[in-house]
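All remarks here apply to the structure that follows.
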There are 2 protein chains.
Amino acid sequence: MKITAKGEYGVRAMATLALEYRAGPIPLREIARREGISHQFLEQIFLPLRRAGLITSVRGAKGGYVLAKAPEEIKIGDIVRTLEGPIAPVECVVEGKEESCKRSSACLTRGIWERLRDTVSAVLDDITLADVITSIDAP
Amino acid sequence: MKITAKGEYGVRAMATLALEYRAGPIPLREIARREGISHQFLEQIFLPLRRAGLITSVRGAKGGYVLAKAPEEIKIGDIVRTLEGPIAPVECVVEGKEESCKRSSACLTRGIWERLRDTVSAVLDDITLADVITSIDAP
DNA sequence: AGAAAACCGAGTGATTTAATCGGGATTGTA
DNA sequence: TACAATCCCGATTAAATCACTCGGTTTTCT
């Protein structure tokens with residue numbers, strides 16, 4: 001039940017962008033430096049985030065990345081799904097892919113994984129970047 | 001956010017044992033056959049489950065495995081933790097291992113993973129094998 | 001022009017996963 | 001007692017995944 005470095009770094013980087021929201025575009029190198037992440041790896045992470053419409057890029061000198069929406073409007077679930085694919089503890093409960101199980105007791109246990117999937121989804125969709133960056137104030 | 005085949009198979013196999021609780025020891029081969037799992041792989045899964053005290057074994061001919069406790073007393077969380085290690089979406093929120101993060105915004109995001117960890121734990125500890133095998137009745 | 005930055009596909013070494021292999025020890029039954 | 005069924009258990013392996021790195025191209029500011 002781990003998330004990958006891609007997901008973890010992605011959320012960290014997005015939190016950094018949220019902190020600098022309205023400060024103009026931040027270069028990827030700067031974020032990578034602050035977070036101690038390889039900037040080449042972070043490039044790989046920002047590509048899908050941009051394509052998903054979560055960040056916008058400014059090319060050329062003085063360019064960089066900005067959140068595409070206000071921190072209040074970006075859910076952690078959006079980031080995680082973009083970087084890790086659909087939230088589902090086992091393949092057979094991926095939403096959309098619900099082909100009925102052949103084995104009977106596989107289906108017995110299916111309810112567990114559906115419930116887990118929905119709970120995880122709900123938690124990650126309940127937290128926005130705004131919540132993350134204001135959590136300093138509320139201990 | 002996937003669990004491994006080990007975890008999934010383990011839960012399936014335990015559900016099978018729960019269905020046959022009080023029917024005497026069931027040979028591993030029989031469980032493997034029913035669930036379509038390699039019996040050699042299932043052996044690897046049953047070893048830690050036995051060492052964790054979740055199942056007991058009967059050696060020799062007519063031997064097999066039995067749940068060590070009633071289905072009501074075995075939580076899915078027990079099985080998953082035994083087979084997959086501690087429930088924690090990222091390394092730095094593994095319980096017991098809580099060394100404080102160095103990076104500031106890593107700690108900003110820490111709350112997310114703690115909340116996720118606790119929620120997942122709570123869901124898996126709320127479901128017992130008894131719940132799983134009786135879910136046929138309650139659609 | 002030149003530097004700074006985003007864009008992007010391909011490659012790579014290490015680790016993990018999902019098994020298999022090959023045997024040994026125990027016990028009920030003929 | 002033989003022997004078949006069963007659990008016990010470390011070692012090995014093939015494939016997949018992960019966490020990067022490489023080597024460039026394109027865009028834009030100064």
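Lettering of chains follows the sequences in order, A, B, ..., and the numbering in each one begins at 1.
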**Study point:** Atom pair distance, as rounded to whole Å: CG in A:L47 and C1' in D:dT25
**Key:** 14 Å
Check your understanding: So, is A:S57 close to the C:dA5 phosphate, meaning a side-chain N or O under 4.0 Å from OP1 or OP2?
Key -> no
Practice item. Keeping the roles fixed (side chain from B:E84, backbone from B:T4), state whether a donor-acceptor pair exists under 3.5 Å. Key: yes
Review point. Taking only N and O in the side chain of A:R50, is any of them less than 4.0 Å away from OP1 or OP2 of C:dC7?
Key: yes
Check your understanding: Quick one: B:L28 CG to C:dT26 P, roughly how many Å, whole number?
Key -> 19 Å
Exercise for review: Quick one: do B:L124 and A:L116 satisfy side chain to side chain contact (heavy atoms under 4.5 Å, CB included)? Show the steps, please.
Suggested key: CA-CA 8 Å; B:L124 295 180; A:L116 189 57; 4.1 Å; yes
Strictly under 3.5 Å: I want the nitrogen or oxygen pairs between protein and nucleotides 27-29 of chain D, one per line.
| residue | atom | partner | partner atom | Å |
| --- | --- | --- | --- | --- |
| D:dT28 | O2 | A:A61 | N | 3.3 |

Exercise for review: For B:K2 and C:dT16, give me the distance from atom NZ to atom P, rounded to whole Å.
Suggested key: 19 Å
Check your understanding: A:Y65 near the nucleic acid: base, sugar-phosphate alone, or nothing, with a heavy-atom cut-off under 4.0 Å?
Key -> sugar-phosphate
Collect all protein-nucleotide pairs involving nucleotides 20-24 of chain D in which both atoms are nitrogen or oxygen and the distance is under 3.5 Å.
| residue | atom | partner | partner atom | Å |
| --- | --- | --- | --- | --- |
| D:dC20 | OP2 | A:Y9 | OH | 3.0 |
| D:dC20 | N4 | A:Q44 | OE1 | 3.4 |
| D:dC20 | N4 | A:Q44 | NE2 | 2.7 |
| D:dT21 | OP2 | A:S38 | OG | 2.5 |
| D:dT21 | O4 | A:Q44 | NE2 | 2.6 |

Review point. Does B:D126 come within less than 4.0 Å of B:K75, counting only side-chain N to carboxylate O?
Key: no
Point to revise | CG-CD1 distance between A:L54 and A:I79, expressed to the nearest 0.5 angstrom | key: 6.5 Å
Point to revise | Linked, directly or transitively: B:L19 and B:I74 (ILVMFWY side chains, under 4.5 Å) | key: yes
Review point. What is the distance, rounded to the nearest whole Å, between atom CD of B:E91 and atom P of C:dT15?
Key: 15 Å
Point to revise | SB check B:R81 B:D125 (cutoff 4.0 Å) | key: yes
**Study point:** In one Ile/Leu/Val/Met/Phe/Trp/Tyr side-chain cluster, 4.5 Å: A:L108, B:Y21
**Key:** yes
**Study point:** Which nucleotide in C:dA6, C:dA18, D:dC9 has an atom nearest any side-chain atom of B:R51
**Key:** D:dC9
Exercise for review: Report the C-alpha separation of B:R50 and B:E43 in whole Å, then their side-chain angles, then the decisive distance to 0.1 Å, and conclude whether the salt bridge (Lys or Arg N to Asp or Glu O under 4.0 Å) test is met.
Suggested key: CA-CA 10 Å; B:R50 180 176 57 82; B:E43 265 188 346; over 6 Å; no
